[in-house]
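Report on the structure given below.
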Amino acid sequence: MRSSMCKAGSTIGGPSENPELWTFLESLHYGETLSGTVAAIERFGVFVALDDGPDHMVFPGVGFITIPELSWRRIESAFDLAQLGQRVSAEFLQFDTWNLEARLFLRAMQPDPFQAFADRTAVGQKLHGRVTKLFPFGAFVQVTDRIEGLVHLRELTSTLVESPSDVVQAGDEVTVVVTETDRERRRLVLSRRQRSSDHR
């Protein structure tokens with residue numbers, strides 16, 4: 001129902017059609033903590049019935065959390081993290097005027113594991129990890145339970161290769177060197193070539 005309405009090219013309604021809901025959503029402020037109950041779990045996110053404010057006239061809840069906003073760690077499905085009836089507290093992100101709902105940010109209520117990782121990890125430090133995914137531009141290596149870093153193709157080996165699969169496969173255990181930790185973008189850059197050159 002949600003996707004079909006978006007395709008129709010019209011919003012659910014304006015202030016005159018849903019004055020109570022519109023007024024409630026306009027009263028919310030960025031970063032404000034809202035609590036509620038998980039009312040529905042879909043492939044694209046989680047609906048939350050908020051404790052305060054009116055019900056939604058179409059969706060199971062006025063609050064909505066997209067999959068990227070559910071957790072700091074990468075998840076494939078909202079079902080991996082949420083359960084019907086679960087109590088949640090999340091920060092208010094924005095008033096979605098298209099769907100007349102409060103976009104919520106659940107992971108803001110959780111410590112960011114990347115920042116803790118960056119605190120204890122230095123550039124040049126060697127780490128052990130497991131190759132998780134291969135792309136034409138490089139390979140992702142998981143170095144902790146929640147942290148993955150990218151080894152660019154040119155950093156996979158000291159010799160020129162055309163594809164990451166020429167050097168590693170998903171599931172391989174590797175040793176890498178940290179070349180960059182970008183706190184703002186939560187990005188970890190690694191090198192396998194530098195590690196190899198240490199042992200020549």
Side-chain angles (χ1 to χ4, degrees), residues 1-118 132-133 135 137 140 142 144-150 181-189:
M1 182 180 298
R2 183 186 181 88
S3 59
S4 64
M5 275 190 287
C6 291
K7 290 177 182 177
S10 60
T11 61
I12 290 177
S16 60
E17 297 175 51
N18 304 282
E20 185 181 6
L21 179 55
W22 194 278
T23 299
F24 168 72
L25 292 170
E26 279 196 320
S27 72
L28 300 176
H29 302 284
Y30 177 82
E32 179 180 349
T33 300
L34 301 174
S35 297
T37 303
V38 174
I41 305 172
E42 303 289 347
R43 61 178 177 79
F44 43 79
V46 173
F47 289 99
V48 178
L50 298 176
D51 295 338
D52 300 319
D55 294 331
H56 200 284
M57 77 295 299
V58 176
F59 303 137
V62 173
F64 184 70
I65 312 171
T66 65
I67 288 180
E69 292 153 357
L70 278 170
S71 174
W72 290 110
R73 65 185 176 91
R74 187 174 300 172
I75 58 174
E76 299 298 327
S77 166
F79 289 94
D80 294 340
L81 211 65
Q83 296 179 338
L84 285 176
Q86 177 183 344
R87 293 288 301 167
V88 295
S89 293
E91 285 189 3
F92 174 69
L93 270 180
Q94 63 179 11
F95 172 9
D96 181 345
T97 56
W98 184 273
N99 292 301
L100 283 192
E101 64 190 13
R103 283 281 301 278
L104 304 177
F105 190 36
L106 182 62
R107 67 179 184 173
M109 310 300 290
Q110 309 158 359
D112 182 353
F114 189 88
Q115 304 307 324
F117 172 83
T132 55
K133 291 177 289 291
F135 292 94
F137 52 82
F140 280 92
Q142 183 175 351
T144 74
D145 180 45
R146 297 185 177 186
I147 306 295
E148 286 185 345
L150 174 63
T181 52
D182 187 331
R183 290 177 178 269
E184 185 175 344
R185 291 189 286 179
R186 303 183 73 256
R187 185 180 70 171
L188 173 66
V189 183

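- Under the rule for a side-chain contact (heavy atoms from CB on, under 4.5 Å), the partners of Pro68 that lie at least two apart in sequence or sit in another chain are Thr66.
- Considering only residues two or more places apart in sequence or on other chains, Glu148 meets the salt bridge (Lys or Arg N to Asp or Glu O under 4.0 Å) condition with Arg74, Lys133.
- Annotation: ring-ring contact (aromatic ring centres under 6.0 Å, His included) contacts of Phe79 (sequence neighbours excluded): none.
- Evaluation of the ring-ring contact (aromatic ring centres under 6.0 Å, His included) rule for Trp72 yields no partner, not counting sequence neighbours.
- The salt bridge (Lys or Arg N to Asp or Glu O under 4.0 Å) check on Arg146 picks up nothing, with sequence neighbours excluded.
- In this structure Asp55 satisfies the salt bridge (Lys or Arg N to Asp or Glu O under 4.0 Å) test with no other residue, sequence neighbours excluded.
- Residues forming a ring-ring contact (aromatic ring centres under 6.0 Å, His included) with Phe114 (at least two apart in sequence, or on another chain): none.
- To the nearest 0.5 Å, atom CZ of residue Phe59 and atom CG of residue Asn99 are 4.5 Å apart.
- Screening residues 84-93 for side chain to side chain donor-acceptor pair (under 3.5 Å) gives Ser35-Ser89, Thr37-Arg87, Asp51-Arg87 as the qualifying pairs, with residues at least two apart or on separate chains.
- With sequence neighbours excluded, the residues forming a side-chain contact (heavy atoms from CB on, under 4.5 Å) with Asp80 are Ile75, Glu76, Ser77, listed by chain and number.
- Atoms CD and CG, from Glu69 and Leu104 in turn, are 8.5 Å apart once rounded to the nearest 0.5 Å.
- Residues that satisfy the ring-ring contact (aromatic ring centres under 6.0 Å, His included) test with Phe140, not counting sequence neighbours, are Phe135.
- Take Ala78 and apply the side-chain contact (heavy atoms from CB on, under 4.5 Å) test, not counting sequence neighbours, and it matches Ile41, Val46, Ile67, Leu70.
- In terms of the side-chain contact (heavy atoms from CB on, under 4.5 Å) criterion, residue partners of Arg187 (sequence neighbours excluded) are, by chain and number, Glu180, Asp182, Arg185, Val189.
- Between Trp22 and Phe95, the ring planes are perpendicular. Angles over 60° get that label, and only those under 30° would be called parallel.
- Between Tyr30 and Leu93, the closest side-chain pair of non-hydrogen atoms falls below 4.5 Å.
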Worksheet item: Can you list the steps and then say if Val88 with Met109 is a side chain to side chain contact (heavy atoms under 4.5 Å, CB included)?
Response: CA-CA 10 Å; Val88 295; Met109 310 300 290; over 6 Å; no
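- Looking only at distances, a side-chain donor or acceptor of Gln115 sits under 3.5 Å from a matching main-chain atom of Arg183.
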